[in-house]
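Report on one structure; see the data block that follows.
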Amino acid sequence: IVLEELCDLGLERAIRVGSCGALDDSLELGQLICADHLSGADGTSRALTGEAALIPDRQMTELLAAQADHSGLVVSADLFYERGTERTARWKASGALAVEMEAAALLAVAKLRSIRLAVLLMVSDASAGAGARLEGIALERATERLGRAGLAALLASVALVVLAQQLAQLARTLREEIKPMLEDVGDTISTVQDTARFLSENLAEPVIKVSTSIALLRRLLALFTAGR
């Protein structure tokens, strides 16, 4: 509901940050997981997009992955307490790192609303809720790290968009303003060269010829005067 209403207000990109339960036994409490793709085992995402692939935004996912401890497949389910181990075993066999409860539905909405969305999760429960749980000061520190990482990636993503827009504007300026100016300069240089050539051919050369003729005449007069 919140994401839908934010989209109505003009939202263009978002990052889902939250907790998850570990499916991979190598994960440690407090570690951050960047979901590079989601498996929807919930009813909401399937009702919205069916069996369509749920792929987070690539650019923001790369920014999140640089700060996360792990990246990979995450499962979204709609049961907090699993009854039995069949589904959990199947998720583990698929290579999923963790399970959570909101990301798939959010990605489905993002796909329908054409916005960018990525997912960053904190391991708060071992063995998908059946083992140890992150608590106390460790939970506070992990939550703070999660928030900082998500915010940094979101700001970096926006900065890249602004940079791309500025580069596009620069390209337009070069194409529409600087290039014509350079062409005008080129025309001016060509005009100056033509003018110099004209003066050389029509003024400088005749002047040189007249000067030479006058010098020759003076020489002849000097010779004639000396002979008398």
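These numbers come from a predicted model, not from an experiment.
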Subject >> Chi angles and distances behind the side-chain contact (heavy atoms from CB on, under 4.5 Å) call for Ile115, Leu6 >> reply: CA-CA 11 Å; Ile115 69 166; Leu6 287 174; over 6 Å; no

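- Judged purely by atom type and a 3.5 angstrom limit, Asp42 has no side-chain atom pairing as donor or acceptor with the backbone of Asp78.
- Follow the hydrophobic side-chain contacts under 4.5 Å out from Leu112 and you reach Leu107 in the same cluster.
- Listed for the Gln31 side chain is a donor-acceptor partner under 3.5 Å among the backbone atoms of Glu28.
- No side-chain heavy atom of Leu64 sits less than 4.5 Å from a side-chain heavy atom of Leu32.
- Put simply, Leu27 and Val75 are part of two different groups of oily side chains (I, L, V, M, F, W, Y) that touch within less than 4.5 Å, one to the next.
- Between the side chain of Thr143 and the backbone N or O of Leu139 there is at least one donor-acceptor pair closer than 3.5 Å.
- Cys34 and Ala65 get closest at one heavy-atom pair: SG-N, 3.8 Å.
- Rounded to the nearest 0.5 Å, atoms CG (Leu11) and CD (Glu4) are 11.0 Å apart.
- Each of Leu63 and Val74 belongs to its own hydrophobic cluster when Ile, Leu, Val, Met, Phe, Trp and Tyr are linked at side-chain heavy-atom distances under 4.5 angstrom.
- Between Leu73 and Leu97 the shortest side-chain heavy-atom distance does not fall below 4.5 Å.
- Counting all heavy atoms, side chain and backbone alike, Val99 lies closest to Ala77 at CG2-CB, 4.0 Å.
- Shown here is Leu9, whose CG atom has more than 12 heavy atoms of other residues, nucleotides or ligands within 6.0 Å.
- Between the CD atom in Glu5 and the SG atom in Cys7 there is a gap of 10.0 Å [rounded to 0.5 Å].
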**OP:** List the steps, then state whether side-chain contact (heavy atoms from CB on, under 4.5 Å) holds for Val158 with Arg13.
**Re:** CA-CA 9 Å; Val158 172; Arg13 64 191 62 231; 3.8 Å; yes

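- Side-chain contact of Arg133 with Ser124: a donor-acceptor pair under 3.5 Å is absent, judged by distance alone.
- Taking CE from Met60 and OG from Ser157, the interatomic distance works out to 5.0 Å, rounded to the nearest 0.5 Å.
- A heavy-atom distance below 4.5 Å is not found between the side chains of Leu29 and Glu135.
- Under the rule for a side-chain hydrogen bond (donor to acceptor under 3.5 Å, both in side chains), Arg46 has no partner lying at least two apart in sequence or in another chain.
- Contact between Ser45 and Gly40 at its shortest, heavy atoms only, is OG-CA, 3.8 Å.
- A salt bridge does not link Asp57 to Lys111: none of the charged side-chain nitrogens sits closer than 4.0 Å to a carboxylate oxygen.
- Considering only heavy atoms from C-beta on, Pro56 comes within 4.5 Å of Leu38 through its side chain.
- Taken together through direct or relayed side-chain contacts under 4.5 Å among Ile, Leu, Val, Met, Phe, Trp and Tyr, Leu54 and Val109 form part of one hydrophobic cluster.
- Proximity of Arg16 to Leu121: side-chain heavy atoms (C-beta onward) are separated by under 4.5 Å at one or more points.
- Met101 and Leu146 are not part of a single hydrophobic cluster, where members link through side-chain heavy atoms under 4.5 Å apart.
- No salt bridge links Glu12 with Arg116; every basic N to acidic carboxylate O contact stays at or beyond 4.0 Å.
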**OP:** Mind running side-chain contact (heavy atoms from CB on, under 4.5 Å) on Ile15 and Val119 for me, showing each step along the way?
**Re:** CA-CA 6 Å; Ile15 294 178; Val119 180; over 6 Å; no

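- Side-chain contact between Leu134 and Met122: present, with at least one pair of heavy atoms (C-beta onward) separated by less than 4.5 Å.
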**OP:** For Leu79 and Arg87, run side-chain contact (heavy atoms from CB on, under 4.5 Å): C-alpha distance rounded to whole Å, both residues' side-chain angles, the deciding distance at 0.1 Å, then the answer.
**Re:** CA-CA 11 Å; Leu79 293 177; Arg87 290 209 309 173; 3.9 Å; yes

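- The shortest distance between side-chain heavy atoms of Ile33 and Leu120 does not fall below 4.5 Å.
- Contact check for Arg148 versus Arg145: no side-chain heavy atoms found under the 4.5 Å cut-off.
- For Asp36, the side-chain contact (heavy atoms from CB on, under 4.5 Å) partners at least two apart in sequence or on another chain are Thr61, Ser71.
- For the 3.5 Å distance criterion, the side chains of Glu100 and Ser76 qualify, holding a donor opposite an acceptor.
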